[in-house]
Amino acid sequence: WTFLTGVSVTMHACTHTHTLTRTHAPHTHTHCSYGLFSSSQTFDKILIANRGEIACRVIKTCKKMGIQTVAVHSDVDSNVHVKMADEAVCVGPAPTSKSYLNMDAIMDAIRLTGAQAVHPGYGFLSENKDFAKRLAAVGVTFIGPDTHAIQAMGDKIESKLIAKAAKVNTIPGFDGVVKTAEDAVKIAQQIGYPVMIKASAGGGGKGMRIAWNDEETREGFRFSSQEAASSFGDDRLLIEKYIDNPRHIEIQVLADKHGNVLWLNERECSIQRRNQKVVEEAPSMFLDADTRRVMGEQAVQLAKAVKYSSAGTVEFLVDSKKNFYFLEMNTRLQVEHPVTECITGLDLVEQMIRIAKGYQLQQKQEDIPINGWAIESRVYAEDPFKSFGLPSIGRLSQYQEPLKLSHVRVDSGIEEGSDINIYYDPMISKLVTYGATRAEALARMEDALDNYVIRGVTHNIPLLREIITHPRFVSGDISTNFLPEVYPEGFKGHHLDEDRCRELLASAAALHVTSQLYSHKILGTQSDLMLCYRVSSAPMDQNNWELCVELGQELHDIEISKSGNSYIVKVDGGQVEVCGDWNLASPLLPLTINGTCRMLQCLSKESSGNIVLQYMGTLFKVRVLSKLTAKLNSYMPEKVSEDTSSILRSPMPGTVVAMSVKPGDTVKSVHCQPGETVGEGDLLVELE
């Protein structure tokens, strides 16, 4: 897909009166093949009631189909999806309740633009039956299932009953609504611990708690009901048996309005944190052909039971013996749909649009292939060292997607200069790689992560790279407990063995010498004294230096010699050869280290020797010093760390929901109040 450079025809400030902006779009993204496109007439104009990457994703297919598009946005979110659409309407201020969830404003945008249909994407209003009803009342097509299916599958209690009646395997549990915490305890005792407490109207891991005893059940009931009310406007909860150490495997279904239903194979979604998916793939290593077929057939049975039409996903939990149990049905396009598109060649958005117009499916079940393997990594503006990912905010000061690599697809809704703020999901992109085999797709994912340049926000690429290269993941030994099992003390980044440590030290030393020699070349003899102090006491016409490199709390002696673009580095009893083009202006640093190609990234380098390198996905801070500087540095006093025993700081940016203490309640002072926005590290409470 190739689009024009962004040009605004008319520009207006957002005044929350639904101002119309007409735009043309940027961006070219490499993608998996979708096969042949059908030119059947569908709609003239579609409004996308969403934002970010999914809005961009829908717009791309609409353009391919010759359909005009309308974007909606808040007054702080006029981002790439707005530039890509043909028209754009501001629907309110930043909070989602006043913009993307504001049905009145979106209905006004539909009337203003004359859109014939609405694609809701995922999240927001995508599974809101009232929104679908309002569209139907004014003759606008909802690109999704009808309200009956949304209602039936959106309620976890009702959906479970329907699944049972359709002879779909279900998890043992209580089929009614749990009204109080004490009721929850009684039900949990009857089912037997552990149990899962979850929101009836929930999804995306929100409103879910695992309880192993009565006290955890009471606490889980309280927190789940609060989160469910906040996220979905519905605090009803259900309780069911918790399947310990399961896999999360889902079946993609596609159904038209003529009773035809297909299952498009499975997606493995077991790598999760806080019940939210991190890495997905298709197909699953775990399923055999018979289990895949039975799961697919049961998914079709459920879809037929609710007269489903559109793309949908039936999620299952699968135990170690391949017993599978219905979890929920998502009546929308899934975040992870690209991996299914890669292995089937189908454009699911195109299929949704055709189905919404009333066309029959063009494929039969026997036409649905599994061609190759696809893996998706969800790239987030998150700090993976905090609970496997707490949100980060900031402006993307530098952003470069790895689209020059083959068989790489990036679904994103941001660009260099975009802001990641507290109001919306911190997803940066969905990074997808495809190969003939799983090993090929994994190797491409490793390369893509190493070549992905993101500056200005903390991101989770260190965690993603560790996951996809971990021996357990590579072998397929995974479950939804993968992260806490592999990292019981939390994620700490890439562990450097002796060889990798020598590679990093040698690369840092070679980069520093290259940088200093370049400065000497540019500045001339005026820099000789400074250079000798920073590199060594050797004359600059020599090609050998003795240095020290500081990594963590350890200081490593190094001997380094240069020949052309190559360096021989002796460090820690070993020898490392480092070769490269040494383009100091590029954020990417492709090197050949002892004959192996590595892609490093240099985030910063200072003439003082401080360097930050991304190596094996993880950021490492090193300091390259001359022998004299290292000796003098040993006499410098160390900075004393802050005493945090009597204070509480915010672990992430966000809004304070509640404050259960006040001055005098064994605390010295409270520095925030409910409703206040705080940043990461802000002081919240001081203790006595």
Side-chain angles (χ1 to χ4, degrees), residues 494 496-585 589-598 600-616 618-639:
H494 183 75
L496 293 172
D497 60 24
E498 288 185 1
D499 289 340
R500 301 292 86 77
C501 184
R502 279 193 287 264
E503 283 190 11
L504 175 62
L505 295 171
S507 300
L511 176 62
H512 178 69
V513 171
T514 299
S515 179
Q516 293 301 311
L517 291 174
Y518 180 77
S519 296
H520 172 71
K521 179 180 178 181
I522 297 300
L523 297 176
T525 57
Q526 295 180 3
S527 66
D528 282 353
L529 181 60
M530 184 181 300
L531 185 63
C532 289
Y533 177 72
R534 288 171 180 164
V535 177
S536 76
S537 57
M540 291 317 300
D541 56 358
Q542 293 188 8
N543 291 316
N544 301 279
W545 301 271
E546 292 184 353
L547 302 170
C548 293
V549 180
E550 186 179 73
L551 175 63
Q553 301 298 315
E554 297 184 359
L555 199 63
H556 303 261
D557 290 331
I558 281 180
E559 295 180 19
I560 181 169
S561 59
K562 182 178 185 299
S563 175
N565 285 334
S566 298
Y567 291 90
I568 299 296
V569 185
K570 295 180 180 179
V571 53
D572 293 345
Q575 180 170 295
V576 181
E577 181 181 15
V578 184
C579 308
D581 291 335
W582 304 106
N583 181 354
L584 301 179
L589 187 63
L591 299 177
T592 301
I593 305 176
N594 285 343
T596 300
C597 294
R598 304 278 193 206
L600 283 70
Q601 293 188 31
C602 180
L603 279 75
S604 68
K605 59 182 180 296
E606 301 172 358
S607 57
S608 60
N610 291 316
I611 299 174
V612 178
L613 287 176
Q614 181 174 306
Y615 172 72
M616 300 291 182
T618 296
L619 298 186
F620 292 95
K621 296 180 180 179
V622 300
R623 191 178 181 192
V624 185
L625 306 168
S626 68
K627 291 277 190 176
L628 175 60
T629 305
K631 181 177 180 181
L632 295 174
N633 193 59
S634 66
Y635 298 107
M636 297 293 289
E638 293 186 7
K639 182 180 179 180

Which atom names give the shortest non-hydrogen contact between [X] and [Y], and what distance separates them?
| X | Y | answer |
| --- | --- | --- |
| L625 | S608 | CD2-O, 4.2 Å |
| H512 | G609 | CE1-CA, 3.7 Å |
| A508 | V622 | CB-CG2, 3.5 Å |
| C602 | L511 | SG-CD2, 3.8 Å |
| S515 | L584 | CA-CD1, 3.8 Å |
| I558 | L505 | CD1-O, 4.0 Å |

Just how far is it from atom [atom1] of [X] to atom [atom2] of [Y], taken to the nearest 0.5 Å?
| X | Y | atom1 | atom2 | value |
| --- | --- | --- | --- | --- |
| H556 | L504 | NE2 | CG | 9.0 Å |
| L551 | L496 | CG | CG | 6.5 Å |
| L632 | S634 | CG | OG | 7.5 Å |
| N633 | S626 | CG | OG | 10.0 Å |
| F620 | L613 | CZ | CG | 9.5 Å |
| N544 | I568 | CG | CD1 | 11.0 Å |

Subject >> Whether K562 side chain and G564 backbone form a donor-acceptor pair below 3.5 Å >> reply: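 Yes.
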Original post:
Ignoring hydrogens and geometry, is there a side-chain-to-backbone donor-acceptor pair from R502 to D572 under 3.5 Å?
Top reply: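 Such a contact is found between R502 side chain and D572 backbone.
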Given side chains that start at C-beta, do those of [X] and [Y] come closer than 4.5 Å, heavy atoms only?
| X | Y | value |
| --- | --- | --- |
| K627 | D557 | yes |
| S607 | Q516 | yes |
| Y567 | N565 | no |

Original post:
Between N610 and K621, does a side chain to side chain contact (heavy atoms under 4.5 Å, CB included) hold up when you go through it step by step?
Top reply: CA-CA 7 Å; N610 291 316; K621 296 180 180 179; over 6 Å; no
Subject >> Residues, nucleotides or ligands: over 12 heavy atoms within 6.0 Å of D497 CG >> reply: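 Counting other residues, nucleotides and ligands, CG of D497 exceeds 12 neighbours.
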**OP:** Dump the intermediate steps for side chain to side chain contact (heavy atoms under 4.5 Å, CB included) on L547 and V513, then the final yes or no.
**Re:** CA-CA 10 Å; L547 302 170; V513 171; 3.9 Å; yes
